Protein chains: 2
Amino acid sequence: MPKKVDHQAQRALIADALMRVAATRGLEAVSLRHVATEAGVSTGMVQHYFRTKDQMMIFALDMVSAGVQARLAAEAGDQDAVPTPRALVRGLLLQMLPLDEQRATEGKVALAFLSYAAVRPHVAAELRENTAQMRAFFADQIRATSPAERGVDPELAATALLALVDGLGVHVLGGHYSPDAALAALDQYLDSVLPAEAAGPRPRADRTITPPAPRTVGP
Amino acid sequence: MPKKVDHQAQRALIADALMRVAATRGLEAVSLRHVATEAGVSTGMVQHYFRTKDQMMIFALDMVSAGVQARLAAEAGDQDAVPTPRALVRGLLLQMLPLDEQRATEGKVALAFLSYAAVRPHVAAELRENTAQMRAFFADQIRATSPAERGVDPELAATALLALVDGLGVHVLGGHYSPDAALAALDQYLDSVLPAEAAGPRPRADRTITPPAPRTVGP
DNA sequence: TTTTTTACAATACACCTGCAACGTAAAGTG
DNA sequence: CACTTTACGTTGCAGGTGTATTGTAAAAAA
């Protein structure tokens with residue numbers, strides 16, 4: 001077996017270029033040639049690593065969600081001060097908002113893929129498990145603070161929380177309001193579900209998130 | 001001036017076809033020929049009414065937002081029982097969720113346009129006024145029920161509300177959960193911002209929404 | 001009736017698309 | 001040293017794309 005190259009790295013290189021194209025010119029501008037040019041390689045090489053355009057798209061999609069999950073895991077593991085669940089949740093949510101240039105790019109790509117998946121069921125299936133896992137985690141954290149005190153269902157609250165963050169992100173990307181406004185709205189909402197400092201810190205086992213390994217496509 | 005035809009009607013015919021294509025095969029499948037075929041007309045006719053593809057897209061975008069606004073206005077004017085602001089808000093929000101086939105279609109198109117606008121600033125501007133107006137309206141309604149009792153800022157609450165609905169809609173479209181689950185999450189959230197039946201009905205003047213007239217493109 | 005203006009239809013064009021086929025250079029294995 | 005397998009680069013092709021151009025029928029205006 002000759003010329004040992006890191007397939008995953010090459011694919012990541014291409015997928016990175018794809019994301020750059022998608023973020024700046026939209027998903028519809030993503031073509032083999034544009035991506036190849038952006039990556040500084042030949043279209044033949046792109047074809048070598050992705051038999052079809054759809055495979056390339058799906059790989060890129062996996063990469064962005066893996067990236068987000070990795071950031072979330074880092075954020076969750078970083079806070080050794082073991083703050084309140086609310087602070088933890090807030091920290092995680094902040095990672096999902098387009099508060100800086102990089103995350104805005106990611107957000108645009110994610111948004112593009114969202115509508116891409118809306119008419120491609122098998123692509124949509126890819127995204128589902130991610131959100132499901134995340135929702136379970138957030139539900140746990142919510143359970144930690146407000147132990148069924150009021151009539152709040154943690155599952156529903158987590159669902160709303162994720163939807164809210166996604167919605168805020170979309171609106172910020174659309175320029176409807178500033179990231180600060182989104183943050184303020186989020187904080188006010190958090191006040192109602194995770195009341196200020198109701199409960200103390202929780203055992204560490206409760207707040208680990210394991211990012212899934214990026215999917216391997218080929219050999 | 002010969003052959004008097006209703007330009008706006010013809011354009012609507014084409015835009016309808018565009019939305020059907022976009023909803024079933026995605027925005028990237030929207031081409032002059034596909035749209036023309038779907039509408040049962042020639043590509044020449046499409047070109048006659050839209051000098052460029054972008055004009056066609058923007059017109060269609062305007063049509064969906066006008067449609068939504070019309071439905072909202074109908075919903076707002078329909079309830080002559082003058083229920084609580086909460087019921088009114090809930091009724092309006094329901095119109096924005098993809099709870100039936102038609103609204104799911106609209107939602108897919110809207111989602112597609114969202115990512116379309118994310119990389120086209122002048123298109124994004126189109127969408128901004130809509131949400132701004134809507135946010136002001138919802139803020140008013142929120143003010144009506146909870147008159148600054150707790151530390152809830154009506155503006156922020158309205159922002160969150162719209163973001164939440166959009167996020168829920170996106171997730172439902174992505175098949176992440178059922179419309180019922182989205183509705184349950186929404187209701188629980190409403191409990192926290194618009195407490196059950198705090199205030200009575202409000203004067204009618206407070207709840208009128210005037211849908212903007214669909215934009216005229218050409219002569 | 002003649003003329004002009006509109007509403008379309010048909011076609012042509014240059015460009016882009018995904019993908020397949022072919023070529024070749026290099027690195028590992030025997 | 002062969003020899004085979006991999007990793008590309010190049011080219012070509014059939015089809016789709018937006019748009020410009022041209023043609024034509026019909027209806028209003030003169």
Side-chain angles (χ1 to χ4, degrees), chain A residues 1-18 20-22 24-61 112-113 116 119-120 122-123 216-219, chain B residues 1-18 20-22 24-61 112-113 116 119-120 122-123 216-219:
Chain A
M1 286 145 197
K3 225 182 194 180
K4 194 184 101 184
V5 297
D6 187 342
H7 283 235
Q8 210 65 4
Q10 299 286 70
R11 286 192 235 263
L13 184 96
I14 296 172
D16 266 337
L18 188 155
R20 258 173 282 143
V21 173
T24 56
R25 290 192 283 163
L27 247 200
E28 64 197 33
V30 170
S31 71
L32 294 188
R33 285 178 249 266
H34 281 161
V35 170
T37 302
E38 174 74 30
V41 301
S42 72
T43 75
M45 150 146 177
V46 176
Q47 278 193 97
H48 182 68
Y49 286 103
F50 299 107
R51 260 193 274 272
T52 169
K53 182 189 176 182
D54 252 23
Q55 284 189 22
M56 178 177 72
M57 302 281 270
I58 291 181
F59 181 89
L61 172 58
F113 272 118
Y116 182 80
V119 292
R120 284 169 190 82
H122 76 281
V123 175
T216 310
V217 172
Chain B
M1 286 145 197
K3 227 184 193 178
K4 193 185 100 184
V5 297
D6 186 344
H7 282 235
Q8 209 66 3
Q10 300 286 70
R11 285 192 236 263
L13 184 95
I14 297 172
D16 266 338
L18 188 155
R20 260 174 279 143
V21 173
T24 56
R25 291 192 281 162
L27 247 201
E28 65 197 30
V30 170
S31 73
L32 293 188
R33 287 177 246 269
H34 281 160
V35 171
T37 301
E38 173 73 31
V41 301
S42 74
T43 77
M45 147 141 179
V46 175
Q47 277 193 99
H48 182 67
Y49 285 104
F50 299 106
R51 262 193 274 270
T52 169
K53 183 188 178 184
D54 251 24
Q55 284 189 20
M56 178 176 74
M57 303 281 269
I58 291 182
F59 182 88
L61 172 60
F113 272 118
Y116 182 80
V119 292
R120 286 170 189 79
H122 75 281
V123 175
T216 309
V217 173

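Each chain gets a letter, A, B and so on, in the order its sequence line appears, and its residues count up from 1. None of these values were measured; they are calculated from a predicted model. Keep in mind that the numbers below use all heavy atoms, side chains included, and drop hydrogens, waters and symmetry copies.
Following rounding to the nearest Å, Arg51(A) (CZ) and dA7(D) (C1') show an atom-to-atom distance of 14 Å. Rounded to whole angstrom, the span from the CG atom of Asp54(B) across to the P atom of dG18(D) amounts to 11 Å. Taking atom CZ of residue Arg11(A) and atom P of nucleotide dA7(D), one finds them 9 Å apart after rounding to whole Å. Atom C1' of nucleotide dG9(D) and atom CD1 of Ile14(A) are separated by 14 Å, given to the nearest angstrom. Across the protein-nucleic acid pair, Gln10(B) atom CD and dT6(C) atom C1' stand 13 Å apart, rounded to whole Å. In this structure, Leu18(B) atom CG and dT17(D) atom P are separated by 13 Å, rounded to whole Å. To the nearest angstrom, C1' of dC8(C) lies 14 Å from CG of Leu13(B). The distance from atom CD of Gln8(A) to atom P of dA7(D) is 13 Å, rounded to the nearest whole Å.
Side chains of His34(B) and Arg25(B) form a contact here, defined as non-hydrogen atoms less than 4.5 Å apart. Taking the side chain as every heavy atom from C-beta outward, Lys53(A) and Met56(A) approach each other to under 4.5 Å. The side-chain heavy atoms of Tyr49(B) and Leu13(B), taken from C-beta on, include no pair separated by under 4.5 Å. Using a 4.5 Å heavy-atom threshold, the side chains of Phe59(A) and Gln8(A) count as touching. No side-chain heavy atom of Met57(B) sits less than 4.5 Å from a side-chain heavy atom of Leu61(B).
Within the structure, a side-chain polar atom (N or O) of His48(A) is placed less than 4.0 Å from OP1 or OP2 of dA7(D). Put simply, Thr52(B) has a side-chain N or O that comes within less than 4.0 Å of OP1 or OP2 on dT19(D). Taking 4.0 angstrom as the limit, His34(A) places none of its side-chain polar atoms (N or O) nearer than this to OP1 or OP2 of dC16(C). Remark: Thr43(A) is not in phosphate contact with dC19(C), judged by side-chain N or O atoms under 4.0 Å from OP1 or OP2. The phosphate of dT6(C) (OP1 or OP2) has no side-chain N or O of His7(B) nearer than 4.0 angstrom.
You'll find that the side chain of Lys53(B) is closest to dG18(D), out of dC8(C), dT10(D), dG18(D).
Glu38(A) CD to Ile14(A) CD1: the interatomic distance, rounded to the nearest 0.5 Å, is 12.5 Å.
Annotation: proximity of residues 24-33 of chain B to DNA chain D (heavy atom, distance under 4.0 Å) is found for Val30(B), Ser31(B), Leu32(B), Arg33(B), numbered in ascending order.
The residue Gln47(B) sits close to a base: some heavy atom pair falls under 4.0 Å.
Closest approach of Ala17(B) and Val35(B) over heavy atoms only: CB-O, 3.7 Å.
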